[in-house]
Each structure stands twice: as structure tokens, then as C-alpha cells.
Amino acid sequence: QNATSPIMEELIAFHDHALMIIFLISSLVLYIMSLMLTTKLTHTSTMNAQEIEMIWTILPAIILIMIALPSLRILYMTDEFIKPYLTLKAIGHQWYWSYEYSDYEDLAFDSYIMPTYFLEPGEFRLLEVDNRTTLPMEADIRMLVSSHDVLHSWAVPSLGVKTDAIPGRLNQIMLASMRPGLF
């Protein structure tokens, strides 16, 4: 699915940024290797040059900084918590999820996976549920994720969120959808 949240858009942009750096490094290494294999000329004064040693020490450090700074910015963006519009608590059970809208009194439901023989054409096996969670778009939503019995993972890839549901621990994530849809 396409990116739905600003966090996921930033993650995709970072992926493209890192992939371009890897592509340029790989192209340079391939070019230098092909030159070394095809030419018989060698420059003997570069074998002991400290300038070249400084370049191949400093250049990788600069490249690592070019990758680390955008990565850290996105990491801090994902942990930024502002006043939420809505709080939703997801509790993982052995075969289903329980959802509670904490801002409202007695608004909770269970969500079970649809068996394969109940699926309509076009629905995805192991992704379709009987009760879908409905969330507003363009609103900051706080998700509290925990588990009742075993370890689970609560994820929505198009929103750029994934967290573990661990018994006895309450994990918190923020999400926001910028367009309507089924995710």
C-alpha cells in the first residue's frame, strides 16, 4: 500500500536516500575494480601517500553521517508525542485482538480473523476481520498496545507503525492517517 502517514512518507524518502548512496558507492567500487583489472599502468607514488589514506578514512565517515542524520531525525519523529485527539487501546489475545476506545465509556469490541470459507472474492486471507477498527483521518491518535497472554505484533505498514504487544507492558505509539482508506 502507499504511504498514508507523514512518518511513512519520511521512511520511504530515507529508503530512497540510503539506496542512492549505496548505488553510488557500488558503482564507484565496480568502476575502480574494472580499471584495476583492465589497465597495466600503476602509479607508484600513490602507494605510500598519506593523502589517499586520509581520503579513504574521512570519506566513509562523511557518508555514515549523511546516512545517520536523516535516520535519527525520523527516529525522533516517531517518538514525538503530542496531545492526542483519540486514545485506542489494543490488547492481543491468543487468536484475536480486543480494542477499547479509552476516551469513551464502555466502547470496546473484539476483532477475530475471518475463516477462509467466509471470505468474499477480493478479500485477503489472514487479514480480513469481523470487526474493523475505525479511526478518524487527519487526527493524532495514541495507540496503547499490550497483550493478555503471549507476545504479539501490532502493525500497519502504510501508516509506518509497528510495535510489540508484551504481557504486563503497555507500549505507546502515535499514528495519523492523512487519507481515508482500509489499512
Side-chain angles (χ1 to χ4, degrees), residues 1-22 66-183:
Q1 287 183 336
N2 294 330
T4 306
S5 70
I7 296 293
M8 191 60 193
E9 289 173 356
E10 289 289 328
L11 286 171
I12 290 172
F14 173 70
H15 171 267
D16 295 343
H17 170 73
L19 193 64
M20 188 55 65
I21 291 173
I22 291 170
M66 288 175 55
I67 293 173
L69 290 179
S71 173
L72 288 173
R73 186 177 68 82
I74 294 171
L75 182 65
Y76 285 119
M77 279 177 55
T78 59
D79 284 340
E80 184 177 317
F81 292 105
I82 54 179
K83 188 173 184 332
Y85 176 77
L86 178 72
T87 301
L88 178 66
K89 184 176 182 183
I91 302 169
H93 299 276
Q94 187 80 30
W95 297 104
Y96 65 97
W97 286 89
S98 295
Y99 293 98
E100 300 174 8
Y101 290 91
S102 301
D103 298 336
Y104 301 100
E105 187 96 14
D106 297 328
L107 188 54
F109 61 93
D110 294 333
S111 183
Y112 292 89
I113 293 179
M114 294 286 286
T116 307
Y117 49 86
F118 284 140
L119 293 177
E120 300 290 326
E123 294 180 335
F124 295 108
R125 189 175 83 82
L126 298 178
L127 289 178
E128 196 61 42
V129 294
D130 60 351
N131 290 320
R132 293 180 178 155
T133 303
T134 305
L135 298 173
M137 68 178 237
E138 296 181 0
D140 295 316
I141 299 162
R142 175 179 36 200
M143 285 288 305
L144 302 174
V145 182
S146 187
S147 175
H148 185 260
D149 45 16
V150 295
L151 295 175
H152 296 280
S153 181
W154 194 91
V156 182
S158 62
L159 292 174
V161 295
K162 180 181 183 300
T163 188
D164 294 326
I166 302 168
R169 180 181 175 143
L170 195 62
N171 289 329
Q172 175 177 296
I173 56 173
M174 293 292 285
L175 57 98
S177 174
M178 292 298 130
R179 65 178 172 88
L182 179 62
F183 311 111

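Only this structure's heavy atoms are used, side chains among them; waters, hydrogens and symmetry mates stay out.
- Distance check, rounded to the nearest 0.5 Å: CG of Leu159 to CG of Leu175 gives 5.5 Å.
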Start with the C-alpha distance between Tyr101 and Leu135, add both sets of side-chain angles, then the distance that settles side chain to side chain contact (heavy atoms under 4.5 Å, CB included), and finish with yes or no. CA-CA 10 Å; Tyr101 290 91; Leu135 298 173; 4.3 Å; yes
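- The structure places CE of Met114 at 6.0 Å from CD of Glu123, a figure rounded to the nearest 0.5 Å.
- Between the side chain of Asp103 and the backbone N or O of Thr87 there is at least one donor-acceptor pair closer than 3.5 Å.
- Within the 4.5 Å cutoff, no side-chain heavy atoms of Ile12 are placed close to those of Glu9.
- What you find for Ile74 and Phe14 is that their closest heavy atoms are CD1-CB, 3.4 Å.
- When the ring-ring contact (aromatic ring centres under 6.0 Å, His included) test is applied to His17, no partner is found at least two apart in sequence or on another chain.
- The main-chain N or O of Leu88 is never found under 3.5 Å from a side-chain atom of Ser102 such that the two would form a donor-acceptor pair.
- Considering only heavy atoms from C-beta on, Glu100 stays 4.5 Å or farther from Leu144 through its side chain.
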Evaluation steps, side chain to side chain contact (heavy atoms under 4.5 Å, CB included), between Ile113 and Phe118: CA-CA 10 Å; Ile113 293 179; Phe118 284 140; over 6 Å; no
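- The CD1 atom of Ile67 sits 12.0 Å away from the CG atom of Leu72 when rounded to the nearest 0.5 Å.
- Residues meeting the ring-ring contact (aromatic ring centres under 6.0 Å, His included) test with Phe183, sequence neighbours left out: none.
- Under the salt bridge (charged side-chain N to carboxylate O under 4.0 Å, His left out) criterion, Arg132 pairs with Glu128, not counting sequence neighbours.
- In plain terms, the two heavy atoms of Ser158 and Gln1 that are nearest each other are OG-OE1, 3.2 Å.
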Is there a side chain to side chain contact (heavy atoms under 4.5 Å, CB included) between Val161 and Met143? Walk through the geometry before answering. CA-CA 10 Å; Val161 295; Met143 285 288 305; over 6 Å; no
One pair to check against side chain to side chain contact (heavy atoms under 4.5 Å, CB included): Lys83 and Asp140. What are the steps and the verdict? CA-CA 8 Å; Lys83 188 173 184 332; Asp140 295 316; over 6 Å; no
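- Between the OG1 atom in Thr134 and the CG atom in Leu182 there is a gap of 10.0 Å [rounded to 0.5 Å].
- Applying the 6.0 Å contact sphere to NE2 of His93 captures more than 12 heavy atoms from other residues, nucleotides or ligands.
- Summarising the geometry, atom CG belonging to Asp110 is positioned 9.0 Å from atom CD1 belonging to Ile91; distances are rounded to the nearest 0.5 Å.
- Scored by the side chain to side chain contact (heavy atoms under 4.5 Å, CB included) test, Pro157 finds no partners at all (sequence neighbours excluded).
- Heavy-atom minimum distance, Ser5 versus Gly160: OG-N, 4.2 Å.
- Scanning all heavy atoms of the two residues, the minimum distance from Ala165 to Trp97 falls at CB-CH2, 4.0 Å.
- Residues satisfying the side chain to side chain contact (heavy atoms under 4.5 Å, CB included) criterion with Asn131, sequence neighbours excluded, are Phe109.
- Partners of Arg125 according to the side chain to side chain donor-acceptor pair (under 3.5 Å) rule, which considers only residues two or more places apart in sequence or in another chain, do not exist here.
- Using a 3.5 Å distance cut-off with no hydrogens or angles, the side chains of Ser153 and Lys162 do pair a donor with an acceptor.
- Taking the side chain as every heavy atom from C-beta outward, Gln94 and Val150 approach each other to under 4.5 Å.
- In this structure, OH on Tyr96 lies 7.5 Å from NE2 on His148, to the nearest 0.5 angstrom.
- Heavy-atom minimum distance, Leu86 versus Pro136: CD2-CD, 3.8 Å.
- When all heavy atoms are compared, the tightest approach of Arg179 to Met137 is C-SD, 3.8 Å.
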